[in-house]
Amino acid sequence: MRDGHRWVRRLTLLCAGLLLSLLGTAAPASAHAALRETDPADGTVLRTAPRYVTLTFTESVGLLTDSFRLYDPDNRRVRTGPASHAPGRSDTARFSLPAKAAKGTYTVAWRVVSADSHPVSGAFTFSVGNRTATTPSAAPDAAGDPVTTALYNIARYLAYLAAALLLGAAAFVAYCRPSTSAPLRAPALAATGTLLAATAALLLLRGPYEEGTSPSDALSLSALTHTLTTRPGELLLARTVLLLIAGTLAVLLRSRRQGLPRRVVLPAVAVFSVALSLTWSAAEHASAGIQVPLAIASATLHLLAMAAWLGGLAALLRTLHRASRVSATVLVRFSRLAFASVTVLVVTGVYQSWRGLGSWQALTGTTYGRTLLAKLAVVTVLLLAAACSRTWTTRLVRAAAPGATAPARVPEPATGPPLPPEPEPEPSPPAPAPAASLHLLRRSVLAEAAVGVVVLVLTTLLTSTVPGRAATEAATEGAVTSGVPAASVITVPFDVGASGGRGTVQITLDPGRVGRNSVQAVVYGPDGGLSAVPELRISLTLPAQRVGPLDTKVTDRGGYWAADSFDLPMPGTWTMKVTVRVSEVDQVTVSRTVRVTR
């Protein structure tokens, strides 16, 4: 028994270490609404300032008190009109610009809340009249506070883990009906307390998490009031009320030493479990996208099946180590419960994967798809471990089953009244499983539970990753999902020596790093206004590696020149050659150096 307790402690430390390592290295939760398009489009040059700046997302979004920030060419914040949704469009937001706008490059930093409760932030640029080299100081403000994000993610993970343990223990007691539930009281109380504390933390941190501010704002009454008016806040409050009601009823029944009848326990546990699970499924991926009602039902069943299997495993493991005897009937019932849970998990998992991915390409081409593949691989290992546990369970049941005996023959007297019938023997209680075989089952269940924790962690990570369908759609539409483009802006003056043959070419290499880039060039005349030229060629050479020249193949787009796709194969100091032709015979080539990073 000491050896078994030592293995349980090791499993607990392993799970805690795995969870903390993931939390320590994880990036902030990826948002689930992706920016589809902007008007003005990112990187464009306009002759005059627009009246509105409009952003369209892949799903409906909620606006914050400071959702949009506009910075002028000198990185000073510009006062804008209030943010609002476009008429009849919950997925489109806009704000108005001031009547007068200076020439140069403007930066728009934005932060909204997607329909599935996760904030999304990013930035883009546009220029009025001409481009200017702008240092994007707005990016840190839009990214969110890392401490708040880390604390919020920790609370989310703990809530998932505690819910799995609590619901799994409830399902184990209600369906498997062990002879005593005493070994499970302490874990159930710990899970309930942890879930209450995590839910309270989520409620307090929700406001700073959405706004991207520090954890100190969690105690703000206005932030908490705003949270309670949103759907995620309402669901967190409902979860708290459910836990308090269930805890109060459990304490009252125990104080009166009065248990509920068996016919009442199972429906009561089912109703409580479904209601508690809805506080997750109605606020996560299922609440946005296609087929929302069906998706919420599928997500609820998926969560319940996961809790019944993984949480039930923890309850069985605790029972095997704490109880001196375990009825074979309990093992058989848990085996049936696990099989039913796996069936539900497979059916709902296939549907949710189809809904989240949208295409086979997203399975390997998106973070969501790759995380899903990792989960499927671990689930395969879990199924193998479950098969081993099921095999040992079958052997234990057969070993514990009493041997069949032929009924004794009752002699009949030759004369006189018949003998009274012998009383039927009372049914003997189910025989306990042999101790030696139980030891092997404990090890098998322990391995199954360890792999189950990894599945639970990957499941939680999936809820904080952009679904493959949304990521693919955003990429197809050319969306900008996060950050300010780290573009290189190069200004190249030229002079062909002829009258009116002077000016500058402003070239933007976006993002200015190794890999695929876009190139945009605007030609300005001697008066500083936009100038049309019959030909413009831009090439890059890396002398240190004898690479190039590489022609960017820019084409005239009506007022500016551009190439949507240009590959830079390696970092270094490149030489950019710009050839400008202003007439049939007048042209000049000017060189500038450009630093390209990884």
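Values below: every heavy atom of this structure, side chains too, minus hydrogens, waters and symmetry copies. Source: prediction; values computed, not measured.
For the side chain to side chain donor-acceptor pair (under 3.5 Å) test, no residue two or more places apart in sequence or in another chain qualifies with S90. When the ring-ring contact (aromatic ring centres under 6.0 Å, His included) test is applied to F126, the partners found at least two apart in sequence or on another chain are Y106.
Between V505 and F494, the closest side-chain pair of non-hydrogen atoms falls below 4.5 Å. Contact annotation: the side chain of M576 never approaches that of P549 to less than 4.5 Å [non-hydrogen atoms, C-beta and beyond]. Using a 4.5 Å heavy-atom cutoff, the side chains of D564 and S518 are not in contact. Using a 4.5 Å heavy-atom threshold, the side chains of F566 and D551 count as separate. At least one side-chain heavy atom of L536 sits under 4.5 Å from a side-chain heavy atom of V578. For the pair L568/L509, a side-chain contact is recorded, criterion being any heavy-atom separation below 4.5 Å from C-beta on. Two residues are said to be in side-chain contact when any heavy atoms from C-beta on lie closer than 4.5 Å; F124 and T107 fail this criterion. W561 places none of its side-chain heavy atoms less than 4.5 Å from the side chain of V519.
Note: W110 and F57 meet the aromatic proximity criterion, with ring centroids under 6.0 Å apart.
Atom CG of L303 and atom OG1 of T348 lie 10.0 Å apart (nearest 0.5 Å). Taking NZ from K553 and OG from S539, the interatomic distance works out to 12.5 Å, rounded to the nearest 0.5 Å. A distance of 12.0 Å separates CG in L202 from CG in L235, rounded to the nearest 0.5 Å. Note that CD of Q587 and CZ of R581 are 7.0 Å apart. Values are rounded to the nearest 0.5 Å. A distance of 4.0 Å separates CG of L278 from OG1 of T300, quoted to the nearest 0.5 Å. Residue Y160 holds its OH atom at 7.5 Å from CE of M306, rounded to the nearest 0.5 Å.
The two residues V61 and H85 make their nearest non-hydrogen contact at O-NE2, 2.8 Å. The minimum heavy-atom distance between T148 and Y209, with the atom names listed, is CG2-N, 3.7 Å. Across every non-hydrogen atom of P40 and V53, the tightest pair is CD-CG2, 4.2 Å. Across every non-hydrogen atom of G233 and L203, the tightest pair is O-CD2, 3.8 Å. Scanning all heavy atoms of the two residues, the minimum distance from P543 to T573 falls at CD-O, 4.0 Å. When all heavy atoms of R111 and E211 are compared, the closest pair comes out as NE-C, 3.5 Å.
Both tests hold for R239 against W280: distance to the six-membered ring centre under 6.0 Å, angle to the ring axis within 45°. Within the cation-pi definition used here (under 6.0 Å to the ring centroid, within 45° of the axis), R94 qualifies as a partner of Y52.
Paired with T125 under the rule side-chain contact (heavy atoms from CB on, under 4.5 Å), one option of T105, T508, T44 passes, and it is T105. The only member of T552, V554, T579 that meets side-chain contact (heavy atoms from CB on, under 4.5 Å) when paired with R537 is T579.
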Legend entry - Check against side chain to side chain donor-acceptor pair (under 3.5 Å), S565 and R516: CA-CA 6 Å; S565 179; R516 180 166 296 182; 3.3 Å; yes
Legend entry - Working for side chain to side chain donor-acceptor pair (under 3.5 Å), residues T38 and D42: CA-CA 7 Å; T38 62; D42 180 37; over 6 Å; no
Inset, instruction - Please test R89 against T56 for side-chain contact (heavy atoms from CB on, under 4.5 Å), starting from the C-alpha separation and ending with a verdict. - result: CA-CA 9 Å; R89 297 288 303 273; T56 303; 3.9 Å; yes
Inset, instruction - Just do the side-chain contact (heavy atoms from CB on, under 4.5 Å) check on F95 and T54 with the steps written out, would you? - result: CA-CA 7 Å; F95 64 93; T54 305; over 6 Å; no
Inset, instruction - Could you give me the CA-CA distance, side-chain angles and deciding distance for I296 and S281, then say whether side-chain contact (heavy atoms from CB on, under 4.5 Å) is met? - result: CA-CA 6 Å; I296 290 179; S281 57; 3.9 Å; yes
Inset, instruction - Test T541 against L550 for side-chain contact (heavy atoms from CB on, under 4.5 Å), laying out the working first. - result: CA-CA 6 Å; T541 305; L550 305 179; over 6 Å; no
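By the 6.0 Å contact criterion, CZ on R77 is enclosed, its count of non-hydrogen atoms from other residues, nucleotides or ligands being greater than 12.
D74 places no side-chain N or O within 3.5 Å of a backbone atom of R76 that could act as its donor or acceptor partner. Side chain of T225 to backbone of L221: a donor-acceptor contact under 3.5 angstrom is found.
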